[in-house]
Amino acid sequence: GQQLNQSPQSMFIQEGEDVSMNCTSSSIFNTWLWYKQDPGEGPVLLIALYKAGELTSNGRLTAQFGITRKDSFLNISASIPSDVGIYFCAGRYNFNKFYFGSGTKLNVKP
Amino acid sequence: GAVVSQHPSRVICKSGTSVKIECRSLDFQATTMFWYRQFPKQSLMLMATSNEGSKATYEQGVEKDKFLINHASLTLSTLTVTSAHPEDSSFYICSALRDGDNSPLHFGNGTRLTVT
């Protein structure tokens, strides 16, 4: 199916640094979702966004639903080693159509 | 709430045999579930949409006779990999969509299939 453009593909950062990743699409989405996947496990929902312009936080994580409905970003503040993993964005087109980004692999150096 | 249980987490089988993977929504009803395949270092590739009480909708290039999907109840979908071959070895993940609201997808923990 359709893929979202997610960037960056990978990041190598020092513990304590802030992180930002984003997704863009040529299509308008009704919902933006951010997931984290650890090796050998399924993705876990981090943040769900339902309205254009919505800014939502979950602990050190903050995500925004772009005003054009074609993009979203995820920020992680003060990263820690357990933030390591692959982060996926997902856009919901209608009730049962979801499209996924290619993932951002985050590496955190203690 | 919104827990999805996938079983088994790992399975090794011989070529030519069939393997069944179960996906259960434990605390909600899910008319719609999805099956994905994930190759190393890649994103989720949608294989099919599983619909309770009707036939699954397969994505282009996915063989429906090879990957049998049965969504027998509002909380259970199964994926059977028939006549498995080594190239079917992969990480398979299911997800479930809670009925009736705008809730997000919730994923199972995945199944690592190895065909020898």
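Lettering follows sequence order; numbering is per chain, from 1. Predicted, not measured: the structure shown is a model, and the values here were computed from it.
- Among all heavy-atom pairs drawn from Ser43(B) and Gly101(A), the shortest one is OG-O, 2.7 Å.
- A 6.0 Å sphere centred on NZ of Lys66(B) holds more than 12 heavy atoms belonging to other residues, nucleotides or ligands.
- Cluster membership for Ile76(A) and Ile13(A), using ILVMFWY side-chain heavy atoms within less than 4.5 angstrom, is shared.
- If you chain together hydrophobic residues whose side chains sit under 4.5 Å apart, Leu61(A) and Leu49(A) fall into the same group.
- Separating the OG atom in Ser102(A) from the NZ atom in Lys41(B) is a distance of 14.0 Å, to the nearest 0.5 Å.
- When heavy atoms are compared at a cutoff of 4.5 Å, Gln37(A) approaches chain B solely by way of its side chain, counted from C-beta outward.
- By the neighbour-count criterion of 12 heavy atoms within 6.0 Å, atom CD of Glu15(A) is densely surrounded, having more than that number from other residues, nucleotides or ligands.
- Both Met21(A) and Val84(A) are part of a single hydrophobic cluster, where members link through side-chain heavy atoms under 4.5 Å apart.
- With a 4.5 Å cut-off on non-hydrogen atoms, Gln38(B) touches chain A through its side chain but not through its backbone.
- Contact annotation: the side chain of Phe107(B) never approaches that of Leu45(A) to less than 4.5 Å [non-hydrogen atoms, C-beta and beyond].
- By the criterion of side-chain heavy atoms lying less than 4.5 angstrom apart, applied directly or through intervening Ile, Leu, Val, Met, Phe, Trp or Tyr residues, Leu113(B) is not grouped with Leu68(B); the two fall into different hydrophobic clusters.
- The environment of Leu26(B) atom CG is dense: over 12 non-hydrogen atoms of other residues, nucleotides or ligands sit within 6.0 angstrom.
- Considering NZ of Lys97(A) and CZ of Phe34(B), their distance stands at 8.0 Å, rounded to 0.5 Å.
- Nearest heavy-atom pair across Leu97(B) and Phe98(A) is CD1-CZ, 3.8 Å.
- Here the side chains of Pro104(B) and Tyr50(A) are in contact, with some heavy-atom distance below 4.5 Å.
- Heavy atoms from other residues, nucleotides or ligands lying under 6.0 Å from OH of Tyr58(B) number more than 12.
- Of all heavy-atom pairs spanning Leu105(B) and Leu33(A), the tightest one is N-CD1, 4.2 Å.
- Heavy atoms of Ile93(B) lying under 4.5 Å from chain A belong exclusively to its side chain.
- A distance-only check finds a donor-acceptor pair linking the side chain of Arg92(A) to the backbone of Ser103(B) [under 3.5 Å].
- Of the residues considered (Ala90(A), Ala48(A), Pro43(A)), Pro43(A) shows the highest number of contacts with chain B, using heavy-atom pairs under 4.5 Å.
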